[in-house]
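Here is how names work: the chains are called A, B, and so on, in the same order as the sequence lines, proteins then strands, and each is numbered from 1.
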Amino acid sequence: MGVQIKDIVPIKEVDLDYLQGKITAIDAMNTLYQFLSIIRQRDGTPLKDSQGRVTSHLSGLFYRTSNLIERGIEPVFVFDGEPPELKSGTLETRREIRAEAEKSRKKALEEGKEKEARKYAQRAASLSEEMVGQSKTLLSAMGVPWIQAPGEGEAQAARMTQNEDAWSVGSQDFDSLLYGSPILTRNITITGKRKLPGKDKYKEIFPEIIELKKLMAEHEIDRRQIIAIGILVGTDYNEGIKGIGPKRALKLVKEKGNIKEISETETGEKFDVDPLEVERIFLEPNVKDDYEIEWEDPDTDKIKEFLCEEHDFSESRINTGIERLKKGASKRAQESLEKWA
DNA sequence: CCTGAGCA
DNA sequence: TGCTCAGGG
């Protein structure tokens, strides 16, 4: 889920071309999970190869990434390592929710309720170690860099952006802002259209830029106070206070100044874990500075062997993707040549 | 999610 | 050129 602070975050819509020439450190798990959950048939069945292995994540990853590369957007994927100990409660809860959803999915399918079945299938989706490994294999064949984070991927991506090795973090969640990323990019999609709540109409989706500086300036708060707001509404590491959303959290934080003061109030006594420990996860995350970000030419044979031969993707569709990757690679080569001129 | 065909 | 829609694996 991530920390829910959308209501107090200033968001700027941009065109996908705005990201051209910019390096985006993409939260890989966030993205793959999105693909796995969304790329499905009407009854909720994911795409599968002839051996019954799920391929939805590979489809999304290949087509979207080759589009980004063609447009000169430079993605580097960042994978989760070990979660902080405090996340175990959240992870357990998610497991339970998935198990329940899987039961509901089967029931709905037996009753012939396709739409219901799909909803529960999406909720039951979970990324296996194998899927993560396959995704890394595919990215390497495509010549797209990926980084193994020691801890949370969002934390590592944020550090890379702070280090100015990336321009922004790409994720749907807001957590990277708490980890100190100067810029967050949401909705990095090619053909984004989303159902309008209620109506049968579809609205086009644009990438969104969120700047940490602007977020801080707008509310006259510092980064520790943003973390405090997160802790009040709830993070992956604590439950948050019932009845407090981002607006009330902001007000409280501005009144009390910091999480320590808040923890000593009546509200603060309701925390399920020590809020200072949660704050420490965001301020001193488990990240590394020895990483390498290099794009390479796509390896056509490896891509085809992996996607077409092993997982039954259509060769003609994969060919157009490979052409896009090549186009991006030559664009990069051209630009690095111009730097010398 | 993304592709590609069909149709205005 | 832009839109919808079925199907992808």
Below 4.0 Å: OP1/OP2 of [N] and any side-chain N or O of [X]:
{"X": "Thr191(A)", "N": "dC2(B)", "value": "yes"}
{"X": "Arg64(A)", "N": "dC1(B)", "value": "no"}
{"X": "Asn67(A)", "N": "dT3(B)", "value": "yes"}

Starting from [atom2] on [N], measure out to [atom1] on [X] and report it in whole angstrom.
{"X": "Phe62(A)", "N": "dG8(C)", "atom1": "CZ", "atom2": "P", "result": "18 Å"}
{"X": "Tyr63(A)", "N": "dG8(C)", "atom1": "OH", "atom2": "C1'", "result": "7 Å"}
{"X": "His57(A)", "N": "dG9(C)", "atom1": "NE2", "atom2": "C1'", "result": "11 Å"}
{"X": "Glu204(A)", "N": "dC2(B)", "atom1": "CD", "atom2": "P", "result": "12 Å"}
{"X": "Lys48(A)", "N": "dG7(C)", "atom1": "NZ", "atom2": "C1'", "result": "16 Å"}
{"X": "Glu310(A)", "N": "dG9(C)", "atom1": "CD", "atom2": "P", "result": "15 Å"}
{"X": "Arg42(A)", "N": "dC1(B)", "atom1": "CZ", "atom2": "P", "result": "16 Å"}
{"X": "Ile190(A)", "N": "dG4(B)", "atom1": "CD1", "atom2": "P", "result": "14 Å"}

If the threshold is 4.0 Å, N to carboxylate O, is there a salt bridge linking [X] and [Y]?
{"X": "Lys119(A)", "Y": "Glu116(A)", "answer": "yes"}
{"X": "Arg53(A)", "Y": "Glu130(A)", "answer": "no"}
{"X": "Lys106(A)", "Y": "Glu110(A)", "answer": "no"}

Taking atom types as modelled, is there a side-chain donor on [X] or [Y] under 3.5 Å from an acceptor on the other?
{"X": "Asn319(A)", "Y": "Ser316(A)", "answer": "no"}
{"X": "Ser50(A)", "Y": "Asp312(A)", "answer": "yes"}
{"X": "Gln172(A)", "Y": "Tyr33(A)", "answer": "no"}

- Message: Using a heavy-atom cut-off of 4.0 Å across all strands, would you classify Gln41(A) as base, sugar-phosphate, or nothing?
- Response: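 The residue Gln41(A) makes base contact.
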
- Task: Report which part of the nucleic acid Ser37(A) touches: base, sugar-phosphate, or nothing (heavy-atom distance under 4.0 Å, all strands).
- Result: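 The answer is nothing, as Ser37(A) stays clear of every strand by at least 4.0 Å.
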
- Query: Which ones in residues 119-141 of chain A lie close to DNA chain C, meaning a heavy atom under 4.0 Å from one of its atoms?
  - Reply: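 Those residues: none at all.
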
- Is any N or O donor-acceptor pair between the side chain of Gln51(A) and the base of dG9(C) shorter than 3.5 Å?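 Looking at the base of dG9(C), it does not pair with any donor or acceptor on the side chain of Gln51(A) (distance under 3.5 Å).
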
- By a strict heavy-atom criterion of less than 4.0 Å, which residues belonging to residues 319-332 of chain A are in contact with DNA chain B?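 When residues 319-332 of chain A is checked for heavy atoms under 4.0 Å from DNA chain B, the hits, listed by number, are Thr320(A), Arg324(A).
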
- Task: May I ask you to test the Leu58(A)-Phe313(A) pair for a side-chain heavy-atom distance under 4.5 Å?
- Result: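 Leu58(A) reaches Phe313(A) side chain to side chain.
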
- 4.5 Å side-chain heavy-atom contact, Ile209(A) and Tyr18(A):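 When only atoms from C-beta onward are counted, Tyr18(A) and Ile209(A) do touch, with a gap below 4.5 Å.
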
- Task: Indicate the atoms forming the closest heavy-atom contact of Ser181(A) with Val169(A), along with that distance.
- Result: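 What the structure gives for the nearest pair is OG-CG2, 3.3 Å.
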
